[in-house]
Amino acid sequence: MVVTGGVAALTRFANSFIHQNVAETARSVTLQVAVDGRVATATDNRIDSEHLESLVARTLEAARLAPSDPDWPGFTPPTELPRIDNYDAGTAAATPRERAA
């Protein structure tokens with residue numbers, strides 16, 4: 001399972017002035033399952049328990065319908081991810097004008 005999230009912002013200019021600024025907070029969950037050598041992957045951006053349960057059910061059903069892959073090597077074992085501290089509060093809080101500058 002891969003869970004991603006973040007904020008994306010875009011500032012557009014016309015004639016050297018800001019004419020549009022958009023920002024969104026996005027989250028998504030991508031799930032990959034294997035059932036007897038049958039593999040399926042699905043993604044959803046709704047993360048409440050009802051939709052996560054639906055994501056699991058839909059992905060399992062898709063795997064059951066997929067052709068078996070006898071050469072599929074399986075999942076890699078879980079590994080510890082390094083902690084990366086690259087958050088910058090000033091950048092995160094920057095206004096459109098500050099980003100433009």
* Structure fact -> When every non-hydrogen atom of V33 is compared with those of A63, the smallest separation belongs to CG2-CB, 3.8 Å
* Please assess L52 against V29 for the test side chain to side chain contact (heavy atoms under 4.5 Å, CB included), listing each intermediate value before the final yes or no. => CA-CA 8 Å; L52 290 175; V29 176; 4.0 Å; yes
* Hey, is CG on D88 packed in by over 12 heavy atoms from elsewhere, all under 6.0 Å? -> yes
* Do you reckon M1 sits in the same ILVMFWY cluster as W72, going by side-chain contacts under 4.5 Å, direct or chained? -> no
Solution key, residues 6-28 side-chain donor-acceptor pairs under 3.5 Å, sequence neighbours excluded:
from : atom 1 : to  : atom 2 : distance (Å)
T11  : OG1    : N21 : OD1    : 2.8
T11  : OG1    : R99 : NH2    : 3.3
R12  : NH1    : Q20 : OE1    : 3.0
N21  : OD1    : R99 : NH2    : 2.7
S28  : OG     : T4  : OG1    : 2.8

* Contact summary for V39 and A34, nearest pair of heavy atoms -> CG2-CB, 4.2 Å
* If Ile, Leu, Val, Met, Phe, Trp and Tyr residues are connected whenever their side-chain heavy atoms lie under 4.5 Å apart, and connections chain through other members, are L55 and I47 in the same group? -> yes
* Asked: Which pairs with one or both residues in residues 38-48 pass salt bridge (Lys or Arg N to Asp or Glu O under 4.0 Å), sequence neighbours excluded?
  -> D44-R46, D44-R58
* **N/O donor-acceptor pair under 3.5 Å between S54 side chain and E50 backbone** => no
* Asked: Under a 4.5 Å cut-off applied to non-hydrogen side-chain atoms, are L31 and T41 in contact?
  -> no
* Asked: Do V2 and F75 belong together in a cluster built from hydrophobic side chains that touch within less than 4.5 Å?
  -> no
